[in-house]
Structure formats: C-alpha cells, structure tokens
Amino acid sequence: MEFDAVLLSRIQFAFTLAFHILFPTLTIGLAVFLVIIEALWLRTKKDLYYYIYKFWVRIFGLSFGMGVVSGIVLSFEFGTNFSRFSEATGNVLGPLLGYEVMTAFFLEASFLGVMLFAWHRVGNRLHFLSTCVVALGTIISAFWILAANSWMHTPAGYRLEEGIFYVTDWSEVIFTSSFLYRFTHMLLASFLSTALLIAGVAGWYLLKGQHEFVARSCFSLTLGLAAVLAPAQILMGDLHGLQVQRDQPMKVAAMEGLWETGRGVPFLIFAWPDQEKETNHFEIGIPKAASLILQHDPEGEVKGLKEVSPDQRPNVPIVFFSFRLMLFIGFLFLGVALIGLWLRWRKQLYERPWFFRLCMFTAPLGFVATVAGWVVAEVGRQPWIVQGLMRTVDMASDIPAQAVLISLSLFVLVYGILFLAFVYYLFKLFRAGPDYKTEPPPFTSARTAWLPSG
Amino acid sequence: MDLVLIWAALLSFAILIYVILDGFDLGIGILFPWGRDAKERDMMMNSIAPVWDGNETWLIFGGGGLFAAFPLAYSILMPALYIPVLVMLFALVFRGVAFEFRFKSERSQGVWDGAFNFGSSVAAFAQGLILGAFIQGLEVTEGVYTGGTLDWLTPFSLMTGFALMCGYSLLGATWLIIKTTGELQQWAYQAARWLLLIVLAWIAMVSLWTPLAKPEVAERWFSWPNFLFLSPIPVATLVVAFALWRALKKQRERAPFILSVSLFFLSFIGLAVSIWPYTIPYQVTLWETAAPPESQSFLLVGAVILVPLILGYTAFSYRIFKGKVVAGRSYY
C-alpha cells in the first residue's frame, strides 16, 4: 500500500473526525441532561439540583471547548485536503454547512457564555432559557451534519453536470432516505453514552461513599433514562439496518461478513473475514438470524459481497469487527439498564458495590461504540465518497504527500497531548466533586431581563 | 439584484466582523505576557472569556460561506494556503482549550498562559500570512491551483503577518481600556499609543508596497477619476488616526476602541477596492467562482432572517457582560 496524499489525507480526516466526534456526543447528551436538571431545580427549588448542575456544567464547558476547536479544524479540512470533493459537492454541502453555522454554532456560542458565566447577572428563567437554547443548538448542529453526511450515503435531489453536483430539490437533499434513521441513531447514541457516563461517575462516588446525596440522584435518574434509551436504540438500529440493506447492500454484506448472496443467512457472532480468499474462517453463527434481522423473514434473501467486483467492496474486516464492537456495547448497555431496573424494584439500587463497579466499567464505552458506529458507516460506504457517484480516490487536493504527512504527525501529537490534558482535567473535576460553597441564586430575583415581572 | 454581489457583500461583512471581534480577543492573547501578575492576566482573560467563542464563530461562517457561495474559490484557496491555514488551526486549537484548562489548573497554569499567548500570536500571524498571500495572487490554471506549497511565503506576506498582529494588539489594548480600571488600564493606554504608531507605519508600508508591486492596484487607485473618488479613504484614515491619538491622550474610555475599529474598517475598504472584482486576485472573478443561483439563494433566505437575529443576540450577550471586569478567578 502506497502512502500517497490521498491516503494520508483520509487518515488525517478519519483521525481528526474520530477525535472530534467524542465531544459532540458528550455535549449533546450533557446539554439535554442539564436542561432536565435545571428544570427540576426550578420546579422543586431543591438546592441539590443546583449543585448537580454546577458540577456537570463544568464538564460540559470543558468538553464543549474541545468540540469547538476540533470542529473548526474539520470545517477547513474539506477545502485544504479534499478540494476536488469541495468543488464537486460545494453547491450541495456548502449551504447545509452554512445553515449549521447560522442556526446552531452562533446560538450555542452566544448562549454558552450566558450559561457558564451569567448566573448572577441574569434571572433564573433567562438562565434556564439559555440552557435550553444551547441544548437545542447542539441538536440542530447534529441535524445539519447528519443531513450533509446522509446525502453522501444516499444522494438525492441533485443533477450531475460535468463532474459538478447541482441541486434540483432541497427537501430531497436534506431528507434523504437514510437521514432520519441516522439522525435519530446518533442522538440516541449521545443520550445513552452520556447517561452511562454520568451513571458511572455516580457509581464511583457511591462506591467510595462520597457525595452520596448528589450521586444517588444522578445514578437513579440516568439509569432510569438508560432503561428507556437502550431498548430504543436497539430498535432504532434494527430499523436503520433495514434501510441500509435497501440503500447500501454492500455495507450490510461487509457488516455481516457475507460473501455469497443467499436465503436463510446466519448471523455471525464471530468470524475471521479473509478478503483474499473471499471467505471467512472460524465462523460461529446463529442460523437464519441475519435474514430474520435484515428482512424480518427467516428465509429472506441477503446480498453477498461477491455481487460486485473486489474494487467495489469496502474493507470487510474493519466494518465487520467495528460493527460487532458497537453491537456488543449496545447489548451490554441494555443489560446494565435491566439490572438497574431489577435492583430498583428490589429497592437495592444503592446497595450493590458490584453494580457500581459495572457502571464504572461501562462509563466510557458509549464513546467507543459511537466511534465504532461511525467507522461502520463511513468505511462501509467505501470505495465511494458519494455513494455510487464519486469515488474516494478522486476527491483529494493536489498537495504533496509530505505536507500532509507533516500535518498528520502534528495532529497526532497535538491531539494526543490535548486528550491527555482533557482526561486529566476531567478526572480532576470528578475527584473534586460538586462544590457546595456557592449559594444558589434566590428565586425571588427581579433582575430577569427576559420577563419584566421576574 | 445580482445574487453574486449580495453574497460578496455578505461574506465581506462576515470577514470584517470576524477581524474586529476575534481581532480584539486575539489581541488580548498577544498582549497577555505583559500582564504583570496572575491577577492581571485573570482580568485580561475574563474580559473575553464569555464572548470569544461567539467571536470565533464568524471565522467558520466566513469559511463555510465561501464554501457554499463560491465553492471554486474555496477549492483553489485552501490547498494553496494549506500550511498557513493548518498553522492557524493548530494555533486556534491551543488557544481555545487554554480558556478551559487555565482556570482548572494550579501548577500548570503557566503552561496554559503560554498556550494562550502563543496560540493567539501564531493565529494572528498566520491570518496575516494568508491575507498577504491572497493580495499577492495565486497561480491558477483552469480552475486549479498550480503553484507550489510554499508560494505563500514571501517578504510581503511576512510583513502582513506582523502587521495584523500589531493591528489585533491595538484592538486588544483599546478593548482592555473599556473593560479595566487602575494600573492595568493605564498600561493599556500606554500600549495603545505605541501600537497606534506601529500600526500606522504598517498601513503606510502596505499602501505603498501593493501599488508598486501590482500594476493592477496602481491602475485602480491612481487613474483619473478613480483617484478623486477614492481619496476620501486615505484622508479619513489620517483623520481617524489623529482622533484616536487624541482620545488616548485624553484618556477617553470607549472612543479608542471605536476609533481602532474604524481604522480597521477603512483599511478593509481600501483592500476591497484594490481587489475588486476578484475572488482569487487578478485571476478569477466573483462570477467565475460563484455557486449556481439555486445554491446561493437557498442559503441567502436563511441568512436574511438569521444574520440580523445573530447580531441581535450577540449584542444582547455583550450587554449582559457589560461593565468592568473584576479581579479574582472566574471559575464557573
């Protein structure tokens, strides 16, 4: 394999994207969590919720900062590394990204300032409004990014002239056949990953017998949410699978490690796909399960990789193993949520150290699953950058490989340092725990700028 | 009216807003080492902590807007400027995380002070390099950049790099005058006066160098009757500079910032006059690089509604944080 500018640019983009996606996943979930907590505080007037908010908002601020800086990098890499792609798809993707900036980034950036720094400058209602606006901003941002990305998977509403895409119908461009599945799947992934992270931190406090009051409240709330979110995500994943099977059968074939088209296809729990020999080693599978999952019919037909020539197939082992990793974590989360429900029913939710440890173990896994899911989606689309229309090898800028090699090495170095620093400060905040010293703002404040009556 | 012209105006506006808003907060970063103790540096940082993120968003709007409205220009410029753009991004990354990390650290605070200063300085310098390379023009053949990876590196672009750093510092110093009191404010008055002199020298140099090096620019400014219509720009620049000098001497609080912004505004107009109507100077025009009307109009509908709204809530958030910053750590 030759390390040319195209491959290096792809590695650089994959690396910077995988790094970036961790932070939106966390901030989308945390923003919604903070809305719930602040609403509870305003409703119940219990100081407890104020302390929970102030604790998690610091982690939110830290993650948001990381997300902003790594996101700016991505927005410029389209142009620097993939100028041919930018030129070809600029008419379609440019406006979508433009809308993301106008409807989401400005909203988040402006109201984040209020959310973090203005507790004693604005009234409680305006502050709550700012929290809601920031949460809305994170979701709107995901909406446009997923719309742009889904268009690359299932292009629609365009016409192609001399290698340039032109838009014929904007609603078809935004709401392609895969968009709603992928958007919902991503939002659920954010909510679930964040819920399990919060539960893990709370579990850690419970294990150590620290901050009990705050930890119990977080533990109970997030595990309750997970009990709804985990099954919902599995259901959503199943629906999404049907759609991918319809629109990108080769992606599904790689996910399933399926070489021959057939009926009554088994679901492989484990296998070692061999691209050279076009077969699998060490197959262990559940008979007819893949047909059942993908066609909702045990005898349904599933297309195999041999339907197309080898240069039209994605990298099978990468897609196959990433998919299994994501799936495994998804079901692990379901297990944790069910155990949580059972312990709650037995009134032992706060009394089982092994369960606290289990939650600590699963705390970071949602982020692993999210990255694995993106690998499945993006590698599964190869060799296409725009499915069926534009090949990945044709998208890169004409820049020397050396320049990309230098920038890639710098990204690995810089992001490595930043990630260590992030984790260090994250754990520093976790160890410090909630700060009970600051008084919550009074509820009778007349200083609200939002409503004159306060 | 011509959509291309509307987009050219809107993008110019976005870039101007970016240069002014992120200009003053990058300027604070450049001036940061002159903060004499941790307390003063806290105050400097607190004067921008709630707003810097919003300011920087205008950069993404500028980049995204260029991608959407002039995709060909974007796909020519970005690879041509690969190294300075990536240097700028790395610098902005370090600077951006410094806001979060600095206030959460004790022992390593010096490291993040350094990252903030270094990141701000390098980002400003890289933006100046990009500007200089852009003014000089790039080698383009049939819609593709055909120059070398290091074509942007010239004495002229190095000069614009330093010039922009000084310009941002002037904005930063005059912003500090508004936000602080006492010793730090007095220092900012002093710094602003020196910076004004340096910035004027840079403006004079760029104004002489460009027409000398680029006959197209000389033709634009010095042919009759252009000279007559354009002469108010340099005259106004001199008047503003003089007013700024006096305002600093009289220790007025708000006027220096407003006048510094005006100085940037006039330089920006001057630049626009020199470059018009090109997106890649002297090679490719706005119309040749524009997206088709269906793409430009789709985004414009949103921009007409949203940009005023954005300006509205941006002003609102600045109003929430108005007044002097107080000493002490702001640890939300």
If I measure from the heavy atoms of chain A, does [X] come under 4.5 Å with its side chain, its backbone, both, or neither?
X	value
B/Ile310	side chain
B/Ala73	neither
B/Val307	side chain
B/Glu56	side chain
B/Val97	both
B/Val111	neither
B/Phe321	both
B/Leu66	neither
B/Leu306	side chain
B/Phe90	side chain

Provide the closest heavy-atom pair for [X] versus [Y] in the form atom of the first, atom of the second, distance.
X	Y	result
B/Trp112	A/Ala421	CZ2-CB, 3.9 Å
B/Pro292	A/Tyr166	CG-CD2, 3.5 Å
B/Pro71	A/Ser86	CB-O, 4.1 Å
B/Ser295	A/Val167	OG-CG2, 4.5 Å

Exercise answer: donor-acceptor pairs, residues 67-75 of chain A side-chain atoms, under 3.5 Å, sequence neighbours excluded:
from	atom 1	to	atom 2	distance (Å)
A/Ser70	OG	A/His20	ND1	2.9
A/Ser70	OG	A/Met66	O	2.8
A/Ser70	OG	A/Gly67	O	3.4
A/Ser75	OG	A/Ile72	O	2.8

Once rounded to the nearest 0.5 Å, what's the spacing between atom CD1 of B/Ile60 and atom CD of A/Glu100? 8.5 Å
Quick one: CG on B/Leu72 to CG on A/Asn91, what's the gap to the nearest 0.5 Å?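 Here the rounded value is 10.0 Å.
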Would you say B/Tyr74's side chain and A/Glu87's backbone share a donor-acceptor pair under 3.5 angstrom?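 It does not hold such a pair.
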So, does B/Lys104 use its side chain to make a donor-acceptor pair with the main chain of A/Leu429 at under 3.5 Å? no
Structural part of [X] lying under 4.5 Å from a heavy atom of chain B:
X	value
A/Ile399	side chain
A/Phe411	both
A/Leu97	side chain
A/Tyr424	side chain
A/Leu107	both
A/Asp398	neither
A/Leu418	both
A/Leu112	side chain
A/Tyr425	side chain

Show, in sequence, the C-alpha distance, side-chain angles and deciding distance for A/Phe76 and B/Leu59, and conclude whether the side-chain contact (heavy atoms from CB on, under 4.5 Å) test is met. CA-CA 10 Å; A/Phe76 279 87; B/Leu59 176 69; 4.1 Å; yes
Centroid separation A/Phe111 to B/Tyr313 less than 6.0 Å: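 Distance test on ring centres: under 6.0 Å, yes.
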Are B/Phe101 and A/Phe422 near enough that their ring centres are under 6.0 Å apart? no
Carefully, step by step, assess A/Tyr99 and B/Val301 under the rule side-chain contact (heavy atoms from CB on, under 4.5 Å). CA-CA 10 Å; A/Tyr99 265 105; B/Val301 173; 4.3 Å; yes
Determine, stepwise, if the pair A/Arg58 / B/Glu100 fulfils salt bridge (charged side-chain N to carboxylate O under 4.0 Å, His left out). CA-CA 9 Å; A/Arg58 282 183 191 172; B/Glu100 283 300 324; over 6 Å; no
